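Comments concern the structure below.
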2 protein chains.
Amino acid sequence: MPPFDMGRVRDLNAHADINPCGACPVRSLTVCAALEVEELRRLAEILQTVRHEAGHTIFAEGDPAETLYNVTAGTMKLYKLLPDGRRQITGFLLPGDFLGLSVNDTYAYSAESVTPVTLCRFPRRRMDALLEEFPKMQRRLFSMASNELAAAQDQMLLLGRKTAKEKICSFLMMLSQRAQRRGHKENPVHVPMSRADIADYLGLTTETVSRTFTQLKTSRVISLLEGNKVQIHDMDQIFDLAEGA
Amino acid sequence: MPPFDMGRVRDLNAHADINPCGACPVRSLTVCAALEVEELRRLAEILQTVRHEAGHTIFAEGDPAETLYNVTAGTMKLYKLLPDGRRQITGFLLPGDFLGLSVNDTYAYSAESVTPVTLCRFPRRRMDALLEEFPKMQRRLFSMASNELAAAQDQMLLLGRKTAKEKICSFLMMLSQRAQRRGHKENPVHVPMSRADIADYLGLTTETVSRTFTQLKTSRVISLLEGNKVQIHDMDQIFDLAEGA
DNA sequence: CGGATGCTTGATCAATTTCAAGAGGGGTGG
DNA sequence: CCACCCCTCTTGAAATTGATCAAGCATCCG
């Protein structure tokens with residue numbers, strides 16, 4: 001725990017005012033990819049850039065959903081809890097991912113930073129107005145939601161039907177592919193989240209996650225490197241292991 | 001298996017031509033709820049109504065996604081398979097539900113009828129054009145996708161973290177609530193799907209599903225009635241059982 | 001009736017969890 | 001700078017939930 005809460009909102013609009021979106025490194029990945037320069041300017045008017053330390057709760061399940069967010073740097077996790085504390089992480093968000101969609105004006109899940117993060121905040125009312133005005137953005141958001149839905153279905157298959165080993169291999173593949181889409185190299189995969197987070201994402205315990213990593217290491221499928229990196233020795237093999245083939 | 005395939009497409013446009021949407025019983029639940037009379041007429045021009053017997057595969061994972069569907073009667077299931085045949089049902093669809101959203105022009109899951117069903121078919125190209133023209137419909141579709149996303153996250157919590165008993169109770173509650181939203185009575189719940197389907201939806205085996213039903217019956221939480229109906233004796237109790245509280 | 005299919009029940013098995021303890025690593029304070 | 005503490009990760013042993021294997025039973029249909 002840091003000596004004081006670095007996780008509070010810090011307004012970076014001093015920089016944002018100049019050109020918050022034009023230079024955005026993840027623009028092509030997210031909802032803003034659909035927009036022209038002038039439209040980007042309008043979007044920039046309503047957004048606020050904030051930073052948070054690792055482990056900061058951005059919002060909790062049930063909170064009124066007044067803000068939409070776009071991750072521009074760092075990793076986030078979304079999760080739901082049962083009354084007795086059991087936790088399911090429903091997704092990890094990387095730069096370019098969107099969060100804050102709500103059903104009945106409250107968030108359906110909690111959101112917390114895994115690493116230090118930078119976020120764009122969009123007030124929902126103003127964002128709704130803008131979506132009305134720019135159907136292209138609306139369509140882009142819809143397409144992103146469709147992708148998320150497909151990912152959610154993959155995750156259901158994983159949670160309901162895969163073994164611990166298949167789950168871990170699927171997880172590593174997913175991280176690798178997402179890194180690649182963001183222009184990073186696919187192979188040593190950066191795994192910034194804890195064993196406990198991985199466990200709660202895959203429906204396992206931390207012990208099983210740890211044991212499975214050791215097992216994959218022992219059978220020369222992966223190596224654990226410095227700095228939370230995982231080296232995958234054979235991409236095709238891990239792909240097969242991920243589906244039990 | 002019926003002696004010949006009753007599951008083939010049968011065009012009911014003889015009826016549909018008259019007033020396919022105006023009298024539609026599920027209009028208020030689905031994407032069409034957003035539309036005015038004139039817009040409905042335009043939608044009716046591009047749709048085709050089809051019926052299928054129980055057990056008919058509408059499309060398979062990986063097929064080119066050329067059609068969107070709306071369920072107007074009956075129950076459908078969506079599922080994904082692993083190479084060795086393990087199956088995860090990602091959702092059951094009831095009247096008013098939508099299916100066929102795709103990511104990269106192919107379906108991300110297979111769709112099969114559980115009971116006899118009636119579907120509205122929308123050619124994707126023409127539907128896209130109409131969505132362009134009617135932003136209200138676009139927004140309605142987006143809102144439906146958001147709801148599905150929230151449901152998918154609930155299902156991840158169920159698959160990853162709930163016990164067999166909690167899963168079955170959650171399942172019964174879900175069916176009860178969805179029936180209620182459709183104007184049916186919430187309590188004897190109609191459960192048209194097989195034990196095998198329930199198992200593949202909840203990440204269990206048929207044996208465990210069967211045993212859990214027996215256990216709930218023995219402990220007087222539910223009764224199994226004629227015609228695939230389940231009587232829930234205490235709604236509050238089953239709600240608590242569904243979350244382990 | 002006969003056969004098929006789906007559902008239930010029983011007995012055993014195994015994957016994963018739970019319980020327990022120790023090792024590694026980073027930061028803090030003496 | 002070192003010692004300590006805390007936290008995460010790993011490893012081991014035992015326990016348990018749900019899976020697997022194996023019959024019966026019921027129901028539906030021809």
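Order of the sequence lines fixes the chain letters, A, B, ..., with proteins taken first and strands second; residue numbering starts at 1 for each chain. Model, not experiment: these values are computed from the prediction.
Atom-to-atom, CD of A/Q215 to P of C/dT16 comes out at 9 Å; the value is rounded to the nearest Å. Rounded to an integer number of Å, the gap from CD1 of A/I168 to C1' of D/dT10 is 14 Å. As rounded to whole Å, 16 Å separates atom C1' of D/dT8 from atom CE of A/M193. Between A/D200 atom CG and C/dT16 atom C1' there is a gap of 15 Å when expressed in whole angstrom units. Counting to the nearest Å, the C1' atom of D/dT8 and the CD1 atom of A/I198 are 12 Å from each other.
Remark: the backbone N or O of B/Y201 is paired with a side-chain donor or acceptor of B/Q155 at under 3.5 angstrom. A donor-acceptor distance shorter than 3.5 angstrom exists from the side chain of A/T214 to the backbone of A/S210, with no hydrogens or angles considered. Side-chain atoms of A/R121 do not come within 3.5 Å of backbone N or O of A/V50 as any donor-acceptor pair.
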Atom pairs and distances, donor-acceptor, side-chain atoms in residues 183-193 of chain A, under 3.5 Å, two or more places apart:
unit_1 : atom_1 : unit_2 : atom_2 : d
A/N187 : OD1    : A/I232 : N      : 2.9
A/N187 : ND2    : A/I232 : O      : 2.8

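Looking at A/E53 and A/S113, their side chains never come closer than 4.5 Å, going by heavy atoms from C-beta outward. Using a 4.5 Å heavy-atom cutoff, the side chains of A/R87 and A/I89 are in contact. Taking the side chain as every heavy atom from C-beta outward, A/I238 and A/D234 never approach each other to under 4.5 Å. Between A/T205 and A/R211, every side-chain heavy-atom pair lies at or beyond the 4.5 Å cut-off. Looking at A/L29 and A/P95, their side chains never come closer than 4.5 Å, going by heavy atoms from C-beta outward.
Here B/E243 contributes atom CD and A/D84 contributes atom CG; the two are 9.5 Å apart, rounded to the nearest 0.5 Å.
In the helix from C/dC1-D/dG30 to C/dG30-D/dC1, the end axes, each obtained as the rotation axis mapping the C1' atoms of four pairs onto the next four within a five-pair block, lie 30° apart to the nearest 10 degrees.
Of the listed residues (A/D197, A/L78, A/D97), just one forms a side-chain contact (heavy atoms from CB on, under 4.5 Å) with A/F92, and that residue is A/D197.
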Per-nucleotide protein contact string for nucleotides 15-20 of chain D (B base, S sugar-phosphate only, - none; heavy atom under 4.0 Å): ---SSB
Strictly under 4.0 angstrom, non-hydrogen atoms only: write out the protein contact profile of nucleotides 23-30 of chain D, one letter per nucleotide from the 5' end, B, S or -. --------
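Between A/Y109 and A/F59, the ring planes are tilted. Angles from 30° to 60° get that label.
For A/R195 and A/F213, the positive end sits near the middle of the six-membered ring, less than 6.0 Å away and at most 45° from its axis.
Of all the residues in residues 75-94 of chain A, not one reaches under 4.0 Å from DNA chain C with any non-hydrogen atom. Contacts between residues 223-232 of chain B and DNA chain D, defined by a heavy-atom separation under 4.0 Å, are absent.
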Worked check of side-chain hydrogen bond (donor to acceptor under 3.5 Å, both in side chains) between B/N70 and B/T72: CA-CA 6 Å; B/N70 209 4; B/T72 56; over 6 Å; no
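Base contact: A/S210 has a heavy atom under 4.0 Å from a base atom.
Between B/D200 and A/R161 there is a salt bridge, since at least one side-chain N of the basic residue sits less than 4.0 Å from a carboxylate O of the acidic one.
In the displayed structure, B/R182 atom CZ is contacted under 6.0 Å by more than 12 heavy atoms of other residues, nucleotides or ligands.
Between B/T206 and C/dC7, a side-chain N or O to OP1/OP2 separation shorter than 4.0 Å is absent.
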